[in-house]
Amino acid sequence: MAAVSQVLKRSFSSSSPMAGAIKNVTVIGGGLMGSGIAQIAAAAGQKVVLVETNEKLLQGANSRINESLKRVAKKQFKENPSAGESFVQETMGRISGTTNPSEGAASADLIVEAIVENMGIKQKLFATLDEAAPKHTIFASNTSSLSITEIASQCQRKDKFGGLHFFNPVPVMKLLEVVRTNDTSDETYKKMMEWGQEVGKTCITCKDTPGFVVNRLLVPQLAEAIRMLERGDASPRDIDTAMKLGAGHPMGPFELADYVGHDTTKFIIDGWHEKMPENPLFKPSELLNKMVKEGKLGVKSGEGFYSYKKK
Ligand SMILES: C[C@H](O)CC(=O)SCCNC(=O)CCNC(=O)[C@H](O)C(C)(C)COP(=O)(O)OP(=O)(O)OC[C@H]1O[C@@H](n2cnc3c(N)ncnc32)[C@H](O)[C@@H]1OP(=O)(O)O
Ligand SMILES: NC(=O)c1ccc[n+]([C@@H]2O[C@H](COP(=O)([O-])OP(=O)(O)OC[C@H]3O[C@@H](n4cnc5c(N)ncnc54)[C@H](O)[C@@H]3O)[C@@H](O)[C@H]2O)c1
């Protein structure tokens with residue numbers, strides 16, 4: 001992955017972007033979601049700076065993006081593999097990396113944050129970015145469950161702050177939830193919606209409420225499936241089979257929980273339990289807490305409800 005300075009020189013040597021259009025995107029956090037968001041923005045022809053906490057994680061994001069692009073290319077360029085190879089190379093060439101969030105923010109029209117689901121860490125990061133980013137830069141969080149209004153609370157640019165909630169895996173899932181707070185300006189909202197379409201997503205809009213639309217309906221289901229297992233009502237495999245064959249879901253709740261990551265699901269449930277302690281749907285799960293404590297995070301750690309260790 002090229003260093004930011006090399007790519008930024010290239011990007012600023014070309015004509016600067018149309019006034020107002022989002023052409024330079026910075027993604028903070030190159031994990032499951034951030035790497036996917038960086039990938040689709042670069043594939044849409046935008047200059048992307050990916051920010052991670054260290055070089056090793058940047059390289060990990062780089063290879064994850066490269067692998068995913070190859071899967072996309074294999075399908076999109078089935079008849080013309082060499083065009084597929086150029087697509088992968090050109091897309092990768094639009095992505096640079098840095099471990100310095102302020103450097104990464106310097107040229108951004110849009111910053112999408114996809115770091116750990118922790119309010120304090122997100123607020124601290126955005127306060128730093130508020131100082132470093134140009135005045136016109138729009139800020140967005142990919143948070144699953146936290147309040148955008150609260151995440152934005154330490155920033156001056158509350159009018160240029162919203163939520164852009166993607167779904168895992170980002171290159172495949174068509175939905176983007178565009179969340180506006182009471183302070184998000186119409187211009188910011190319009191730019192977020194246009195950008196969402198530019199990167200190939202179908203955008204829906206919702207208010208800044210816990211879990212927005214999908215997660216408010218989905219996470220209680222995942223939590224209830226775990227409670228079903230804790231009660232001994234059925235096995236994970238049978239519950240997954242039931243929801244795939246009985247409700248037409250592409251993944252059952254345990255496969256999906258493994259895919260999302262148990263750390264993320266735990267952060268969501270704990271956060272909602274704190275906000276709404278009387279709601280039984282968000283009662284923390286001892287089994288989930290035990291798994292996270294044991295590092296069984298699902299696909300990302302090689303083991304969750306199922307094992308993903310390469311044989
Ligand atoms: C909690 C958060 O805040 C919100 C969330 O994100 S909730 C989670 C939302 N996501 C879901 O519900 C995912 C539900 N699951 C699915 O849609 C599907 O199981 C799945 C797309 C993940 C995998 O599809 P499936 O057919 O089961 O298996 P798979 O063969 O791996 O993938 C099918 C095709 O999708 C594409 N694909 C899958 N993963 C991909 C990736 N990471 N990158 C690029 N392409 C990918 C590939 O083209 C693949 O075909 P290929 O194997 O020939 O390359
Ligand atoms: N996992 C999902 O299915 C999913 C779907 C939609 C939204 N989300 C949300 O996206 C965010 C990220 O989730 P994820 O699953 O990608 O997590 P992840 O653990 O895979 O990735 C988070 C990445 O952020 C990096 N990071 C942490 N602090 C950082 C900082 N200060 N600066 C730069 N990088 C930092 C970590 O090193 C890690 O690589 C969370 O807010 C989560 O709720 C997750």
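As the structure lists them, so they are numbered: ligands from 1, and atoms in each ligand from 1. Just the heavy atoms: all of them, side chains too, but no hydrogens, waters or symmetry mates, feed the values below. Note that the coordinates shown come from a computational prediction; the quantities given were computed from them, not determined experimentally.
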Val72 vs Val88 side-chain heavy atoms within contact, under 4.5 Å: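 Contact flag for Val72/Val88 side chains = no.
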
Any side-chain heavy-atom pair of Asn142 and Leu164 under 4.5 Å: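 No, their side chains stay 4.5 Å or more apart.
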
Below 4.0 angstrom from a heavy atom of [X], which ligand 2 atoms are there? Numbered from 1 as shown, please.
{"X": "Leu57", "result": "37 (O)"}
{"X": "His165", "result": "6 (C), 7 (C)"}
{"X": "Lys122", "result": "40 (C), 41 (O)"}
{"X": "Thr143", "result": "41 (O)"}
{"X": "Thr264", "result": "15 (O), 43 (O)"}

Donor-acceptor contact present, side-chain Gln76 to main-chain Ala73, <3.5 Å: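 No; judged by distance alone, with no hydrogens or angles, the pair does not exist.
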
Residues forming a salt bridge (Lys or Arg N to Asp or Glu O under 4.0 Å) with Lys158, sequence neighbours excluded: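 Testing Lys158 for salt bridge (Lys or Arg N to Asp or Glu O under 4.0 Å), a comparison that skips the adjacent residues, returns none.
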
Cation-aromatic face contact Arg237/Phe254, 6.0 Å, 45 degrees: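 The answer is no, since Arg237 fails at least one limit relative to Phe254.
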
Charged N-O contact under 4.0 Å between [X] and [Y]:
{"X": "Glu278", "Y": "Lys283", "result": "no"}
{"X": "Lys191", "Y": "Glu198", "result": "no"}
{"X": "Arg180", "Y": "Asp186", "result": "yes"}
{"X": "Lys190", "Y": "Glu194", "result": "yes"}
{"X": "Asp233", "Y": "Arg227", "result": "no"}
{"X": "Arg157", "Y": "Asp130", "result": "yes"}
{"X": "Lys266", "Y": "Glu117", "result": "no"}
{"X": "Lys244", "Y": "Glu255", "result": "yes"}

Same cluster (ILVMFWY, side-chain, under 4.5 Å), Ile138 and Ile40: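 Yes, it is one cluster - the side chains of Ile138 and Ile40 are joined through contacts under 4.5 Å.
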
Distance-only N or O hit between ligand 2 and Tyr259, under 3.5 Å: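 No - when backbone and side-chain N and O of Tyr259 are compared with those of ligand 2, no distance drops under 3.5 Å.
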
Min N/O separation Leu32 to ligand 2 under 3.5 Å: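 Such a contact does occur with ligand 2.
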
Residues in contact with ligand 1, criterion: heavy atom under 4.0 Å: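 Its neighbours under 4.0 Å (heavy atoms only) are Ser68, Arg71, Val72, Lys75, Ser144, His165, Phe167, Asn168, Pro169, Pro171, Val172, Met173, Asn215, Leu218, Pro250, Met251, Leu256, Tyr259, Val260, given by chain and number.
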
Atom CG of Asn54: over 12 foreign heavy atoms under 6.0 Å: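 Check passes, neighbour count above 12.
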
CD/Gln197: more than 12 non-hydrogen atoms of other groups inside 6.0 Å: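 Yes.
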
Just need the protein heavy atom nearest to [atom], so name the residue and atom and give the distance.
{"atom": "atom 17 (O) of ligand 2", "value": "Lys300 NZ, 4.0 Å"}
{"atom": "atom 39 (O) of ligand 2", "value": "Glu52 OE2, 2.4 Å"}
{"atom": "atom 24 (O) of ligand 2", "value": "Ile115 CA, 3.5 Å"}
{"atom": "atom 8 (N) of ligand 2", "value": "Ser144 OG, 3.1 Å"}
{"atom": "atom 14 (P) of ligand 2", "value": "Met33 CG, 4.0 Å"}
{"atom": "atom 41 (O) of ligand 2", "value": "Glu117 OE1, 2.6 Å"}
{"atom": "atom 21 (O) of ligand 2", "value": "Gly31 CA, 3.3 Å"}
{"atom": "atom 22 (C) of ligand 2", "value": "Ala114 O, 3.6 Å"}

With heavy atoms under 4.0 Å as the rule, classify the contact between [X] and ligand 2 as side chain, backbone, both or neither.
{"X": "Ile28", "value": "side chain"}
{"X": "Phe166", "value": "backbone"}
{"X": "Asn142", "value": "both"}
{"X": "Leu146", "value": "neither"}

Validation row, ring centre His165 to ring centre Phe212 under 6.0 Å: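 Ring centres of Phe212 and His165 closer than 6.0 Å.
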
Gly261 touching ligand 2 at heavy-atom level, < 4.0 angstrom: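 For ligand 2, residue contact (heavy atoms, under 4.0 Å) with Gly261 is absent.
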
Lys124 touching ligand 2 at heavy-atom level, < 4.0 angstrom: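 Flag not set, Lys124 not near ligand 2.
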
Ile268, Leu256, Asn168: member with heavy atom nearest to atom 3 (O) of ligand 2: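 Among Ile268, Leu256, Asn168, the closest heavy atom to atom 3 (O) of ligand 2 comes from Asn168.
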
